[in-house]
Amino acid sequence: MLDTLIFALREATKTSNAEAKVKAILMDFVKDHETASSLMPDFNDDDVILFEDETISIWFCRFKPGTKVPPHDHRMSATIGVFKGTEFNEIYAGGKLDGGRLAHENSISVSAGEVLQIPEDKIHSVACTSQHASEAIHVYLGPLSKIDRALYDVDAGAKLAFT
C-alpha cells in the first residue's frame, strides 16, 4: 500500500493541479487513520525520506510528545496528512517581519485523519500536542533535501540557515 501511495503522489505531480491532487490523495489515505497507521513500516528514525526527485519529496515524519520545531520555510508547497496523534502548526507570513519578528497569521491543529496544506510562501513551526507521537506523511512539491532553507529565531527575529 505504501508503494501505491508513493506512485499516486508521483503521478499527481504530472498534472496541472498537482497541489489539489496531492491533497486529495492524502485526504483519502488518512481518512481511515488506523488503517493508514497499520500500513506504515516501523521506522527507527523520526524523519524518513520515502521518495525524492526533482518534482516531489515524500517524507514520513514522527514528532514525539513535547517536540517543538522552530519556524522554518520549505520554499515549496507542503501537504501534511496526519494519521496518528496531533501536529500543532503556527503559520507565519513568508519573509515578512513585523517589528523585527515574523508576522503570525494563524494557528492550526491537525489531528489524525486530517490534512493541512501550506503554500510555498509561508513559514511554519510545528509541535506535537498529543499524548503519544504524531505521525504523518509530508509531501513537498520539489526536492526538499536539495534546496537552501531558513530557520527563524522568533525571540531574536533572526533568519538562520537551516542545516
Side-chain angles (χ1 to χ4, degrees), residues 1-64 67 69-95 105-106 108-128 133-152 159-163:
M1 178 64 179
L2 188 55
D3 289 339
T4 303
L5 174 66
I6 292 169
F7 179 79
L9 291 166
R10 290 178 65 194
E11 289 296 302
T13 65
K14 298 175 184 175
T15 67
S16 61
N17 57 344
E19 287 181 359
K21 287 273 193 190
V22 165
K23 185 174 184 180
I25 291 165
L26 283 184
M27 287 175 68
D28 188 53
F29 180 70
V30 302
K31 71 181 174 189
D32 181 354
H33 54 88
E34 290 178 8
T35 298
S37 183
S38 72
L39 295 172
M40 281 295 124
D42 188 20
F43 294 113
N44 291 325
D45 294 327
D46 291 336
D47 291 318
V48 178
I49 300 174
L50 302 173
F51 180 84
E52 183 173 274
D53 67 10
E54 294 304 311
T55 63
I56 193 168
S57 301
I58 306 168
W59 292 51
F60 163 83
C61 296
R62 177 188 303 120
F63 298 106
K64 294 181 176 115
T67 299
V69 179
H72 58 279
D73 60 25
H74 297 120
R75 298 185 44 225
M76 61 189 69
S77 172
T79 307
I80 301 165
V82 177
F83 54 85
K84 191 174 186 180
T86 302
E87 288 187 16
F88 181 75
N89 290 264
E90 298 282 357
I91 309 295
Y92 302 89
E105 291 188 349
N106 61 351
I108 303 168
S109 190
V110 188
S111 297
E114 299 177 338
V115 173
L116 170 66
Q117 201 156 51
I118 303 170
E120 67 182 71
D121 65 338
K122 300 299 179 190
I123 294 166
H124 83 125
S125 63
V126 63
C128 176
S134 66
E135 294 184 3
I137 297 292
H138 290 218
V139 179
Y140 309 95
L141 291 182
L144 187 68
S145 70
K146 297 177 183 173
I147 64 166
D148 292 329
R149 299 171 52 207
L151 189 67
Y152 296 83
K159 181 177 177 179
L160 312 164
F162 192 127
T163 57

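Counting all heavy atoms, side chain and backbone alike, Ser125 lies closest to Pro71 at CB-N, 3.6 Å. Nearest heavy atom pair, residue Thr13 against residue Arg10, reads OG1-O, 2.6 Å. What you find for Glu87 and Val126 is that their closest heavy atoms are OE1-CG2, 3.6 Å. Across every non-hydrogen atom of Thr79 and Gln117, the tightest pair is OG1-NE2, 2.8 Å. Across all their heavy atoms, Arg149 and Asp73 have their closest contact at NE-O, 2.9 Å. Pairing each heavy atom of Ile25 with each of Ala12, the nearest pair is CD1-CB, 3.9 Å.
The shortest side-chain heavy-atom distance between His74 and Leu144 falls under the 4.5 Å cut-off. Contact annotation: the side chain of Arg62 never approaches that of Thr67 to less than 4.5 Å [non-hydrogen atoms, C-beta and beyond]. For the pair Glu52 and Ser145, the minimum side-chain heavy-atom distance is below 4.5 Å. Residues Phe63 and Val69 form a side-chain contact, since some pair of their non-hydrogen atoms from C-beta on lies under 4.5 Å apart. Between Glu19 and Lys23, every side-chain heavy-atom pair lies at or beyond the 4.5 Å cut-off. Contact annotation: the side chain of Ile91 never approaches that of Ile123 to less than 4.5 Å [non-hydrogen atoms, C-beta and beyond]. For the pair Ser109 and Thr86, the minimum side-chain heavy-atom distance is below 4.5 Å.
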request  = Would you check, one step at a time, whether the test side-chain contact (heavy atoms from CB on, under 4.5 Å) holds for Val22 with Leu141?
outcome  = CA-CA 9 Å; Val22 165; Leu141 291 182; 4.1 Å; yes

query = Are His124 and Ile80 close enough, and set up right, to give a side-chain contact (heavy atoms from CB on, under 4.5 Å), and what steps lead you there?
reply = CA-CA 12 Å; His124 83 125; Ile80 301 165; 4.3 Å; yes

request  = Take Glu11 and Lys21 through the salt bridge (Lys or Arg N to Asp or Glu O under 4.0 Å) test and state the conclusion after the steps.
outcome  = CA-CA 9 Å; Glu11 289 296 302; Lys21 287 273 193 190; over 6 Å; no

inquiry  = Set out, in order, the CA-CA distance, both residues' side-chain angles and the distance that settles side-chain contact (heavy atoms from CB on, under 4.5 Å) for Val115 and Val110, then state yes or no.
reply    = CA-CA 7 Å; Val115 173; Val110 188; 6.0 Å; no

request  = Go through Met40 and Ile137 one step at a time and tell me if the side-chain contact (heavy atoms from CB on, under 4.5 Å) criterion holds.
outcome  = CA-CA 10 Å; Met40 281 295 124; Ile137 297 292; 3.8 Å; yes

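In this structure, CD1 on Ile56 lies 9.5 Å from OG on Ser77, to the nearest 0.5 angstrom. Asn89 CG to Lys122 NZ: the interatomic distance, rounded to the nearest 0.5 Å, is 14.0 Å. The line from CG of Leu26 to CD of Glu114 is 13.5 Å long, rounded to the nearest 0.5 Å.
Using a cut-off of 4.0 Å between Lys/Arg side-chain N and Asp/Glu carboxylate O, Glu54 and Lys146 are scored as salt-bridged. A salt bridge does not link Glu34 to Lys84: none of the charged nitrogens lies less than 4.0 Å from a carboxylate oxygen.
Under the 3.5 Å distance criterion, the side-chain polar atoms of Asp47 are left unmatched by any main-chain donor or acceptor of Cys61. Side-chain atoms of Asp28 never come within 3.5 Å of backbone atoms of Lys31 as a donor-acceptor pair (strictly under, hydrogens ignored).
Ring orientation note: the planes of Phe29 and Phe83 are nearly perpendicular, at an angle over 60° on the 30°/60° scale. Below 30°, between 30° and 60°, or above 60°: for Trp59 and Tyr140 the angle between ring planes is above 60°, a perpendicular geometry. By the 30° and 60° cut-offs, the orientation of the rings of Phe162 relative to His72 is perpendicular.
Within 6.0 Å of CG on Asn17 lie more than 12 heavy atoms contributed by other residues, nucleotides or ligands. Atom CZ of Phe43 has more than 12 heavy atoms from other residues, nucleotides or ligands within 6.0 Å.
Checked against Phe51 for a side-chain contact (heavy atoms from CB on, under 4.5 Å), the options Leu5, Leu2, Val139, Ile6 give a single hit: Ile6.
Side-chain contact annotation: Glu135 with Ser37, donor-acceptor N/O pair under 3.5 Å absent.
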